[in-house]
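Remember, it's 1-based here, ligands and their atoms both numbered in the order they're listed.
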Amino acid sequence: MRLRNKPWAKELIAQHPELIQVQPSHFHPNFEKAQPLRLEIGTGKGQFIYTMAQQHPNMNFIALEMQESALAVLLKQQVATPLPNLQLLVANADHLVDLFSDDQVSEIYLNFSDPWPKTRHEKRRLTYASFLTQYRRILTPTGVLQLKTDNRHFFEYSLMSMNHFGMHFAELSLDLHHDTTAWAMTNVTTEYEDKFAAKGQPIYGVRATFESPLD
Ligand SMILES: C[S@@+](CC[C@H](N)C(=O)[O-])C[C@H]1O[C@@H](n2cnc3c(N)ncnc32)[C@H](O)[C@@H]1O
């Protein structure tokens, strides 16, 4: 998804270095409190992460997105009604281990990631082995990788990829919006999720850990 360029975005971003970091070599936390850190990769315009930060003031959240014009929409909201536990980061997720320290993150969210269906683009999928290797490093040992998608092929690919890493599937859903699990009942939706659900498409989801609870 490429968003149209927003002429006001660059100036707004430049005015708020306390809220948003652009292509830093390392992410420097600027939260009010030191508390567990959760990271969304490919935030888009930020509906999910803003709501999560509102609902969980005892956690810190980072919205990571490579398109400035998408993240600028969330920045506008954060400037209007700031949440002290939300920071924004313009960066490509392909170098997460430079941005974050080992064991720094307790939960990672992949919401409706671009599926990159062509085999020659496999390396761009956010559940390709090179990404999982980095998630394993920056997540705490009991940290969770949560993924939601409308795309059956990308979901199957992601499960296979995680399985190759020996990941443990703590929760799995083939129709999250019609499940009655605790996850389904407290699910916070994204912009894409709302669109797909409105068309009646099932939402697939998984919550996985690199270490099994039995390890
Ligand atoms: C299909 S959109 C989904 C947006 C939002 N998560 C939602 O569910 O409404 C995928 C987003 O991921 C971002 N993205 C894709 N690959 C990325 C990467 N390697 N690093 C950072 N962001 C990425 C894209 O720029 C795009 O905004």
Side-chain angles (χ1 to χ4, degrees), residues 1-6 9-10 13 20-27 38-55 61-78 86-100 105 107-118 120-139 145-155 157-158 161 173 176-177 183-184 187-199 201-207:
M1 174 205 66
R2 265 230 88 71
L3 274 191
R4 204 171 311 133
N5 191 38
K6 295 192 170 57
K10 276 212 181 298
I13 290 171
I20 184 164
Q21 296 173 38
V22 181
Q23 314 284 9
S25 50
H26 190 77
F27 174 76
R38 297 180 174 195
L39 165 70
E40 184 185 25
I41 298 174
T43 290
K45 296 178 188 169
Q47 170 178 312
F48 170 84
I49 199 85
Y50 191 87
T51 311
M52 289 292 285
Q54 270 180 325
Q55 289 185 357
F61 291 85
I62 298 175
L64 183 148
E65 167 59 56
M66 64 185 186
Q67 290 189 67
E68 274 185 4
S69 49
L71 211 50
V73 177
L74 175 60
L75 179 60
K76 231 181 190 180
Q77 187 173 14
Q78 180 63 339
L86 176 62
Q87 289 273 303
L88 282 56
L89 177 55
V90 178
N92 192 313
D94 63 4
H95 62 293
L96 284 177
V97 292
D98 301 326
L99 294 168
F100 299 100
V105 177
E107 200 147 323
I108 293 177
Y109 303 108
L110 302 179
N111 289 321
F112 301 83
S113 307
D114 299 312
W116 294 109
K118 292 186 178 144
R120 70 170 190 275
H121 292 145
E122 183 190 358
K123 290 183 178 170
R124 298 183 191 176
R125 297 177 195 157
L126 290 179
T127 47
Y128 182 66
S130 62
F131 286 102
L132 293 184
T133 303
Q134 299 197 65
Y135 304 156
R136 184 164 56 188
R137 286 247 326 251
I138 67 168
L139 275 174
L145 175 62
Q146 176 176 302
L147 176 150
K148 293 190 287 181
T149 183
D150 62 299
N151 187 298
R152 178 87 188 200
H153 181 264
F154 177 68
F155 189 57
Y157 170 86
S158 299
S161 189
S173 176
L176 188 62
H177 286 204
W183 178 21
N187 177 42
V188 171
T189 63
T190 79
E191 284 95 346
Y192 270 63
E193 184 168 358
D194 286 343
K195 278 190 211 153
F196 293 124
K199 289 185 200 160
Q201 288 180 231
I203 304 301
Y204 307 109
V206 60
R207 286 176 56 81

Tell me the contacting part of [X] for ligand 1: side chain, backbone, both, or neither, using a 4.0 Å heavy-atom threshold, strictly below.
X: Ala70; result: neither
X: Leu64; result: side chain
X: Leu126; result: side chain

Between Phe155 and Tyr204 (judged by ring centroids, cut-off 6.0 Å), do the two rings come close enough to count as a pair?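 Ring centres of Tyr204 and Phe155 closer than 6.0 Å.
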Quiz question: by atom type and distance under 3.5 Å, do the side chains of Asn111 and Glu193 form a donor-acceptor pair?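 No pair is found: no donor N or O on one side chain lies under 3.5 Å from an acceptor on the other.
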- Task: Please indicate whether His153 has more than 12 foreign heavy atoms, meaning atoms of other residues, nucleotides or ligands, lying under 6.0 Å from its NE2.
- Result: no
May I ask you to check if ligand 1 and [X] share an N or O to N or O distance below 3.5 Å?
X: Phe112; result: no
X: Gln67; result: yes
X: Glu65; result: yes

| Distance-only, no hydrogens or angles: does the Gln78 side chain make a donor-acceptor pair with backbone N or O of Leu86 under 3.5 Å? | yes
request  = Find all atoms of ligand 1 within a distance of less than 4.0 Å from any non-hydrogen atom belonging to Thr190, and give their numbers and elements.
outcome  =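 Answer for ligand 1: 7 (C), 8 (O), 9 (O).
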Only heavy atoms count here, so choose which of Asp194, Asp114, Ile41, Thr189 is nearest to atom 15 (C) of ligand 1.
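It is Asp114 whose heavy atom sits nearest to atom 15 (C) of ligand 1.
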- Would you indicate which of Ser69, Ala63, Gly42 comes nearest to atom 4 (C) of ligand 1 when only heavy atoms are counted?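 It is Gly42 whose heavy atom sits nearest to atom 4 (C) of ligand 1.
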Check your understanding: Once the angle between the rings of Phe48 and Tyr109 is folded into 0 to 90°, is it parallel (under 30°), tilted (30 to 60°) or perpendicular (over 60°)?
Key -> perpendicular
- Is the NZ or CZ atom of Lys199 both under 6.0 Å from the centre of the six-membered ring of Phe196 and within 45° of that ring's axis? no
* **contact_flag Thr43 ligand 1 heavy-atom lt 4.0 Å** => yes
Sequence neighbours excluded, the answer for ring-ring contact (aromatic ring centres under 6.0 Å, His included) partners of His121 is Trp116
